[in-house]
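Here the structure comes first, spelled out in structure tokens, and everything after it is commentary.
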There are 2 protein chains.
Amino acid sequence: MAQKNRLKYILLGLLKEKKQTGYDLAKSFDSDIGEFWNANHSQIYPLLKRMEQASLIDHELDTVGEKLEKKTYFLTALGQQSFEDWLKSPSEMGGAHDEFILKLYFINDARSPLLSTMISEQEKYHNAKLAQLQAQFKAKFPTDKEVQANFGHSLVLRHAIEREKGYRSWLEEINQTLEN
Amino acid sequence: MAQKNRLKYILLGLLKEKKQTGYDLAKSFDSDIGEFWNANHSQIYPLLKRMEQASLIDHELDTVGEKLEKKTYFLTALGQQSFEDWLKSPSEMGGAHDEFILKLYFINDARSPLLSTMISEQEKYHNAKLAQLQAQFKAKFPTDKEVQANFGHSLVLRHAIEREKGYRSWLEEINQTLEN
DNA sequence: GTCGTCATGTAATAAGTTACATGATTTG
DNA sequence: CAAATCATGTAACTTATTACATGACGAC
């Protein structure tokens, strides 16, 4: 995808919240934001360099132990501005990528023997996912105080939870249709 | 995305349903399947060539009018097999790309003045989208007969509809939270 | 002292977008 | 006869994945 460089803005956003290393940034995609975007360190490190050349970010060198140097990146004024501009720009829609749905699209016979295993595989996955997200929400937002302090984060998690609930009920609906 | 060549399987699936040209295939992404994947003709034409070299598909030349030649592609036995194998393989999860949610993630102050316009922009879009999808469903699947004949298609559309409903109620939920 | 994690990079390849380029046919 | 659509392709570029490569630090 030669897209609109969304990763750049994600990194700016993450760095705006807290100055951190490329390694830290890469880990961010393991939870929360990972529900809606992903990136590997091999994509992040070169991009950070380019962003620094573009004066969007800068870094300081911190030494851990004796030798290990790490680069802690932070936003410049230009980076701040660029990020705000992105937030204000209209959001582009679409881009859902779901391989299971892709497959379903091609199964036009409701009696296909493939359906039952495919669906139960999905149910298993999405049930686990839902449980995991709900646990995550409870852990991160136990009271309203945490929600207030991280409103955006909470909304995104809630969206992921709603998505999974919707997915699950859609799968159930399919099962019911199949039973008739 | 150096992914798992999902487009290849989509093209195989579409060609399995009906032999058609690259141009036709490109148009398929304007509706239905476009809810879950997209591709341009500039990606499709070269891929068709490679798929033909790999003996997954073959083509016949049809002449339209006096001069215009079009290549009508169809599956080979190998292509059939490759497609069936894909259907049977486990589906990989994740890959939702939603720029609006990405932005929300970074708006951690519930009082941000950006929120209201962003949300109403989204409501407008998703309401329109929902209406469009529902109209599409009614047009393509007016009775149970059509659903039976194109079960997979109907499920995918239903999923898109459920997705939009979920999105809408999530946005409403946000509005309610904001009013307090 | 080794195993897991921290930490940073590059290279090769694949996938996807945008722009360039051309020409025929159909519809109004 | 002009505009929309049909039809096919290439080129340049960006984005993303997988694999290769190295080494330090911390905990047990």
Side-chain angles (χ1 to χ4, degrees), chain A residues 1-12 15 19-31 33-34 36-54 57 59-73 92-97 99 102, chain B residues 1-11 19-31 33-34 36-54 57 59-73 92-97 99 102:
Chain A
M1 285 191 205
Q3 269 162 139
K4 300 276 181 60
N5 221 345
R6 304 226 212 306
L7 182 56
K8 182 171 89 180
Y9 298 108
I10 297 172
L11 297 183
L12 287 175
L15 289 174
K19 62 178 180 179
Q20 51 191 314
T21 66
Y23 186 85
D24 296 328
L25 290 165
K27 271 194 311 176
S28 303
F29 295 96
D30 293 342
S31 64
I33 204 170
F36 298 98
W37 208 271
N38 203 49
N40 304 310
H41 78 273
S42 53
Q43 196 186 356
I44 290 169
Y45 287 124
L47 180 53
L48 285 171
K49 269 194 181 163
R50 277 186 286 137
M51 286 165 70
E52 189 167 21
Q53 274 160 29
I57 56 173
H59 77 270
E60 61 190 33
L61 276 174
D62 297 317
T63 313
V64 181
E66 286 291 286
K67 301 181 188 174
L68 186 59
E69 286 198 325
K70 61 179 189 178
K71 296 182 180 176
T72 304
Y73 287 94
E92 285 189 33
M93 310 296 172
H97 274 40
E99 192 173 26
L102 230 38
Chain B
M1 286 189 205
Q3 270 162 137
K4 301 275 182 58
N5 222 343
R6 305 227 213 305
L7 182 56
K8 182 172 88 179
Y9 297 108
I10 296 172
L11 297 183
K19 62 179 179 180
Q20 52 192 314
T21 66
Y23 186 86
D24 295 327
L25 290 165
K27 272 194 309 175
S28 303
F29 295 95
D30 292 342
S31 65
I33 203 167
F36 299 98
W37 210 270
N38 203 48
N40 304 309
H41 78 272
S42 53
Q43 196 186 357
I44 290 170
Y45 287 124
L47 180 54
L48 285 171
K49 269 195 181 163
R50 277 187 286 137
M51 287 166 69
E52 188 167 24
Q53 272 160 29
I57 56 174
H59 78 269
E60 61 191 34
L61 277 175
D62 297 318
T63 313
V64 181
E66 285 291 287
K67 300 179 187 175
L68 185 60
E69 286 199 324
K70 62 179 189 178
K71 295 181 179 175
T72 304
Y73 287 94
E92 284 189 33
M93 309 297 170
H97 275 41
E99 193 173 25
L102 230 37

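On a predicted model such as this, the values are computed, not experimentally measured, just so you know.
- Among all heavy-atom pairs drawn from A/Leu7 and A/Ala39, the shortest one is CD1-CB, 3.7 Å.
- Considering only side-chain N and O atoms, A/Lys8 lies nowhere under 4.0 angstrom from the phosphate OP1 or OP2 of D/dT14.
- Taking for each of A/Leu68 and A/Arg50 the nucleotide of DNA chain D with the nearest heavy atom, the 5'-most of the two is the partner of A/Arg50.
- Side-chain contact between B/Leu48 and B/Leu25: present, with at least one pair of heavy atoms (C-beta onward) separated by less than 4.5 Å.
- Summary of the strand contacts: A/Gly22 and B/Gly65 both lie near DNA chain C, and taking for each the nucleotide with the nearest heavy atom, the more 5' one is attributed to A/Gly22.
- Between A/Tyr9 and B/Leu102 the shortest side-chain heavy-atom distance does not fall below 4.5 Å.
- In the set C/dT8, C/dT25, C/dT18, C/dT8 carries the atom at the smallest distance from any side-chain atom of A/Lys71.
- Toward the 5′ end of DNA chain D lies the nearest nucleotide of A/Ala39, the other residue of the pair A/Ala39 and A/Lys67 mapping further downstream.
- Taking atom CD1 of B/Ile44 as the reference point, atom C1' of D/dC6 lies 15 Å away to the nearest angstrom.
- The distance between atom CG of A/Asn38 and atom P of D/dT18, rounded to the nearest whole Å, is 10 Å.
- Where A/Lys70 and A/Gln43 each meet DNA chain C at their nearest nucleotide, the meeting point lying more 5' is that of A/Lys70.
- Inter-residue side-chain proximity for A/His59 and A/Thr72 is flagged as unmet; no heavy-atom pair is nearer than 4.5 Å.
- Evaluation of atom-type donor-acceptor distances gives no pair under 3.5 Å for the side chain of A/Thr21 against the base of C/dT8.
- For the pair B/His41 NE2 and C/dG16 C1', the interatomic distance rounds to 13 Å; values are reported in whole Å.
- A/Lys27 comes within 4.0 angstrom of sugar-phosphate atoms only, judged by non-hydrogen atoms across all strands, and of no base.
- Rounded to an integer number of Å, the gap from A/Glu69 CD to D/dA24 P is 13 Å.
- Rounded to whole angstrom, the span from the CG atom of A/Leu61 across to the C1' atom of C/dA7 amounts to 12 Å.
- The nearest whole Å value for the distance from the CG atom in B/Asn40 to the C1' atom in D/dA12 is 15 Å.
- Summarising the geometry, the separation between OH on A/Tyr23 and P on C/dG4 is reported as 13 Å, rounded to the nearest angstrom.
- Between the CG atom of A/Asn5 and the P atom of C/dT17 there is a distance of 14 Å, rounded to whole Å.
- A salt bridge does not link B/Lys4 with A/Glu99: none of the charged nitrogens is closer than 4.0 Å to a carboxylate oxygen.
- At a threshold of 4.0 angstrom between heavy atoms, the contacts of B/Asp62 with the nucleic acid are absent.
- Between B/Tyr45 and D/dT8, a side-chain N or O to OP1/OP2 separation shorter than 4.0 Å is present.
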